[in-house]
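Notes follow the structure.
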Amino acid sequence: MTDSPAKRLVRHLKAEGIRDLRVLTAMEAVPRDRFVPLDQRDLAWENTALPIGYRQTISQPSVVAMMTEALDVQPGHKVLEIGTGSGYQAAVLAHLGAEVFTIEYVPELAERARDALAALGVRRVHVRAGDGNLGWPEEAPFDRIIATAVAPRLPPRLMEQLKPDGVLVMPLDQPAFGENLVRVTLGADGEPHIHRFCPVRFVPFVGSAEAPP
């Protein structure tokens, strides 16, 4: 019996080092082909980034899985996502039992993601078009924050909206280290502890808070 494209993808993710069974189950269950343009759907289950318009992409599944695993989302967690894009990452987080608040800078992509999530009956995902640098202060604090755009420093407003025992996962591009995915936790003194774990390439953060803090 031939494996489905979703099962083949999960097998590839295991080979890439993804071990969290909950994450692997979510990656198999969420139909990535419903979050890509029609002319890209024959490639939807490949481990590759794909263009979704407006100079944005849907991240390759291995990166989505890696970031999700690092985020360590538990049922009932309140998660802030910066960079909705296609809505695929938000759907994966919702499948894990999170309530997701996701912000997209491009209004057309925000609307498209909202429609894709609604068509699949995905609940507990709230989509807003706006400046992700500002976060979602009226819903803060968050157990987890994930950003799918690269910045040269930790966005201060996002750090303010993270719970003391929370986790932030995002790409950082710093001169001494290059562009890497990082997992950030707050110490007892409130200072961020940064763990770099994978070199990556992401689109840059955009919005009003790009300027120095």
Side-chain angles (χ1 to χ4, degrees), residues 1-36 43-50 57-102 117 120 122 124-125 142-150 154 158 162-173 177-187 192-202:
M1 184 175 179
T2 304
D3 280 348
S4 68
K7 288 188 181 299
R8 289 198 297 271
L9 174 61
V10 167
R11 191 163 60 244
H12 180 86
L13 295 176
K14 288 179 179 178
E16 291 278 321
I18 303 302
R19 295 289 176 262
D20 189 320
L21 292 178
R22 294 177 61 243
V23 172
L24 291 168
T25 298
M27 296 295 293
E28 181 177 352
V30 176
R32 189 172 185 252
D33 55 308
R34 300 288 293 273
F35 293 93
V36 302
L43 299 173
W45 292 100
E46 300 297 321
N47 187 38
T48 185
L50 296 170
T57 62
I58 179 173
S59 296
Q60 66 189 89
S62 58
V63 172
V64 173
M66 188 187 312
M67 294 182 75
T68 304
E69 189 172 60
L71 203 62
D72 187 27
V73 171
Q74 300 301 317
H77 270 172
K78 200 172 186 181
V79 179
L80 173 64
E81 181 192 26
I82 308 303
T84 312
S86 67
Y88 176 63
Q89 174 75 79
V92 170
L93 295 171
H95 192 276
L96 291 169
E99 182 172 13
V100 184
F101 296 81
T102 180
L117 291 162
L120 288 171
V122 178
R124 301 189 305 275
V125 177
F142 296 94
D143 299 285
R144 301 288 188 266
I145 298 177
I146 182 170
T148 55
V150 66
L154 296 176
L158 300 189
L162 184 64
K163 286 186 176 180
D165 58 348
V167 175
L168 179 148
V169 173
M170 68 174 293
L172 279 184
D173 189 3
F177 304 101
E179 187 173 333
N180 285 272
L181 279 179
V182 301
R183 186 179 195 269
V184 184
T185 56
L186 294 177
H193 295 261
I194 300 175
H195 170 65
R196 297 171 181 83
F197 61 94
C198 179
V200 288
R201 294 289 295 173
F202 274 82

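One is the number of the first residue; the rest follow in order along the sequence.
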With sequence neighbours left out, which residue pairs that include part of residues 74-98 fulfil the salt bridge (Lys or Arg N to Asp or Glu O under 4.0 Å) condition? Lys78-Glu139
Going by salt bridge (charged side-chain N to carboxylate O under 4.0 Å, His left out), name the residues that satisfy it together with Arg32, two or more places apart in sequence or in a different chain. none
Residues two or more places apart in sequence or in another chain: which of them pass side-chain contact (heavy atoms from CB on, under 4.5 Å) with Leu120? Pro31, Arg34, Phe35, Val122
May I ask you to test the Val73-Val79 pair for a side-chain heavy-atom distance under 4.5 Å? yes
Can you name the residues that form a salt bridge (charged side-chain N to carboxylate O under 4.0 Å, His left out) with Glu69, not counting sequence neighbours? none
Does anything in residues 18-30 pair up under side chain to side chain donor-acceptor pair (under 3.5 Å), and if so which pairs, sequence neighbours excluded? Lys7-Glu28
Among residues at least two apart in sequence or on other chains, which ones pass side-chain contact (heavy atoms from CB on, under 4.5 Å) with Leu172? Leu154, Met170, Gln174, Val182, Ile194
Where do Val23 and Ala65 come nearest, in terms of heavy atoms and distance? CG1-O, 3.8 Å
Can any side-chain N or O of Thr148 pair as donor or acceptor with the backbone N or O of Ile82 at less than 3.5 Å? yes
Which is it for Leu168 and Arg183 under the side-chain contact (heavy atoms from CB on, under 4.5 Å) test, yes or no, and what are the steps along the way? CA-CA 6 Å; Leu168 179 148; Arg183 186 179 195 269; over 6 Å; no
Mind checking what makes salt bridge (charged side-chain N to carboxylate O under 4.0 Å, His left out) contact with Lys163, not counting sequence neighbours? Asp143
When every non-hydrogen atom of Ala147 is compared with those of Pro171, the smallest separation belongs to O-CD, 3.2 Å
Under the side-chain contact (heavy atoms from CB on, under 4.5 Å) test, which residues partner Pro5, sequence neighbours left out? Arg8, Trp45
Just do the side-chain contact (heavy atoms from CB on, under 4.5 Å) check on Met27 and Leu13 with the steps written out, would you? CA-CA 9 Å; Met27 296 295 293; Leu13 295 176; 3.9 Å; yes
Residues forming a side-chain hydrogen bond (donor to acceptor under 3.5 Å, both in side chains) with Thr57, sequence neighbours excluded: none
Stepwise side-chain contact (heavy atoms from CB on, under 4.5 Å) test for Leu24 and Lys14: CA-CA 8 Å; Leu24 291 168; Lys14 288 179 179 178; 3.8 Å; yes
Of all the heavy-atom pairs spanning Val169 and Leu71, show the shortest one and how long it is. CG2-CD1, 3.7 Å
Write down the atom of Leu9, the atom of Pro61, and the distance for their closest heavy-atom approach. CD1-CB, 3.7 Å
Mind checking whether Ile146 and Leu80 have side chains closer than 4.5 Å, heavy atoms only? no
Any non-hydrogen side-chain atom of Val63 less than 4.5 Å from a side-chain atom of Phe202? yes
Does a side-chain heavy-atom distance below 4.5 Å link Leu181 with Arg196? no
Return the set of residues passing side-chain hydrogen bond (donor to acceptor under 3.5 Å, both in side chains) with Gln60 (not counting sequence neighbours), or none when no residue passes. Ser62
Would a 4.5 Å heavy-atom cut-off, applied to side chains only, mark Arg124 and Val100 as touching? no
Compile the donor-acceptor pairs under 3.5 Å between side chains in residues 83-96 and protein atoms, sequence neighbours left out, one pair per line.
residue : atom : partner : partner atom : Å
Thr84   : OG1  : Thr102  : OG1          : 2.6
Thr84   : OG1  : Ile103  : N            : 3.4
Thr84   : OG1  : Ile103  : O            : 3.3
Thr84   : OG1  : Glu104  : N            : 3.4
Ser86   : OG   : Tyr88   : N            : 3.2
Gln89   : NE2  : Thr68   : OG1          : 2.9

State which residues pass salt bridge (charged side-chain N to carboxylate O under 4.0 Å, His left out) with Asp33; sequence neighbours excluded, sorted by chain then number. none
